[in-house]
Amino acid sequence: MREFLLETLEYDIDVANTLRDRLRDAEGVGVKAISRQRAKAAVRDEEGIETLCMALCRLMLKDITYMELKKEIEIYPIDDDEKRLALKRGIAVLKGIMGRTALYARAAARLMDYLSTESALNIEGFFRFRMSEAVELIKIVALKAAIEQLVIREFAGAGKNCDEGGNIIIIIRTDNDTDGP
């Protein structure tokens with residue numbers, strides 16, 4: 001039997017209840033609340049660790065992704081309605097990306113590797129540093145969603161007809177090449 005301390009300092013997540021939801025009907029893993037943002041997980045065997053890792057992946061790639069996206073969108077100079085629409089658009093984009101098996105597999109492998117030697121996991125620290133490609137992806141999606149809202153605002157200000165369902169193509173260069181086409 002192994003025990004793991006799982007905590008978050010920043011995220012307002014009820015860690016124990018969220019993990020229990022993610023572990024519904026799973027065997028070999030028990031979760032006990034210490035406080036709202038701290039929980040203790042007990043696993044019976046290696047299969048229990050794998051099950052816990054998959055639940056933590058779902059927590060990170062769904063719940064935390066939403067929180068990080070919301071935080072990123074807040075930094076852009078758009079009004080509250082535009083932020084709401086940008087968040088809605090960003091969530092739709094990320095659902096397709098974060099649900100990919102390869103991303104879950106990488107996250108699960110990193111968690112398995114980490115939990116093989118450690119018994120305490122700071123969730124936001126792990127997410128931000130060991131899953132940095134997911135964090136970068138969230139930042140790009142937030143930027144794209146905010147820019148879409150700014151473009152829609154500009155179209156409306158110029159008397160153009162562009163609504164939430166309009167087709168806008170935004171190309172964001174991620175390399176350092178400053179030469180034009």
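Because the structure is predicted, anything quoted here is derived from the model rather than measured.
- In this structure the side chain of Arg20 reaches within 4.5 angstrom of the side chain of Asn17, judged on heavy atoms.
- Heavy-atom contacts from other residues, nucleotides or ligands closer than 6.0 Å to CG of Asp79 number more than 12.
- Taking 4.0 Å as the cut-off between side-chain N and carboxylate O, Lys139 and Glu68 do not count as a salt-bridged pair.
- Contact check on Asp63 versus Arg22 returns a salt bridge, with a Lys/Arg side-chain nitrogen under 4.0 Å from an Asp/Glu carboxylate oxygen.
- Listed by first then second residue, pairs satisfying side chain to side chain donor-acceptor pair (under 3.5 Å) with a partner in residues 37-58 read Glu7-Arg38, not counting sequence neighbours.
- When every heavy atom of Ala145 is checked against every heavy atom of Gly90, the shortest pair comes out as CB-N, 4.3 Å.
- Between Arg128 atom CZ and Ile64 atom CD1 the span is 8.5 Å, to the nearest 0.5 Å.
- In this structure, Leu103 and Ile97 approach most closely via the heavy-atom pair CD2-O, 4.0 Å.
- Between Leu23 and Ala55, the shortest heavy-atom distance links the atoms CD2-CB, 3.6 Å.
- Thr18 places no side-chain N or O within 3.5 Å of a backbone atom of Val15 that could act as its donor or acceptor partner.
- If you take CD1 on Ile123 and CD1 on Ile13, they are separated by 6.0 Å, rounding to the nearest 0.5 Å.
- Of the possible polar contacts, none joining the Thr65 side chain to the Ile138 backbone as a donor-acceptor pair under 3.5 Å is found.
- Remark: Tyr76 engages no residue in a ring-ring contact (aromatic ring centres under 6.0 Å, His included) (not counting sequence neighbours).
- We find the OH-NZ distance between Tyr66 and Lys71 to be 14.0 Å, quoted to the nearest 0.5 Å.
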*Would you please test Met54 and Leu111 for side-chain contact (heavy atoms from CB on, under 4.5 Å) and show each step?*
CA-CA 9 Å; Met54 291 310 295; Leu111 276 163; over 6 Å; no
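- If you take CD1 on Ile140 and CG on Leu94, they are separated by 10.5 Å, rounding to the nearest 0.5 Å.
- One finds a salt bridge joining Glu148 and Lys144 here, because a Lys/Arg side-chain nitrogen approaches an Asp/Glu carboxylate oxygen to under 4.0 Å.
- With a 4.5 Å cut-off on side-chain heavy atoms, Glu82 and Leu85 do not count as touching.
- The one candidate from Leu59, Leu52, Val31 that meets the side-chain contact (heavy atoms from CB on, under 4.5 Å) condition with Leu6 is Leu52.
- Rounded to the nearest 0.5 angstrom, Tyr114 OH and Phe4 CZ are separated by 10.5 Å.
- Checked by atom type and distance alone, the side chain of Arg110 pairs as donor or acceptor with a backbone atom of Arg130 at under 3.5 Å.
- Taking the side chain as every heavy atom from C-beta outward, Asn122 and Thr8 never approach each other to under 4.5 Å.
- In terms of hydrophobic clustering, with Ile, Leu, Val, Met, Phe, Trp and Tyr side chains grouped at heavy-atom distances under 4.5 Å, Ile75 and Val151 are assigned to a common cluster.
- Here SG of Cys53 is found 9.0 Å from CG of Leu121. Values are rounded to the nearest 0.5 Å.
- Between Arg153 and Ile78, some side-chain heavy-atom pair lies under the 4.5 Å cut-off.
- Annotation: side chain of Arg106 is in contact with side chain of Glu133 (closest heavy-atom distance under 4.5 Å).
- Looking only at distances, a side-chain donor or acceptor of Arg2 sits under 3.5 Å from a matching main-chain atom of Leu115.
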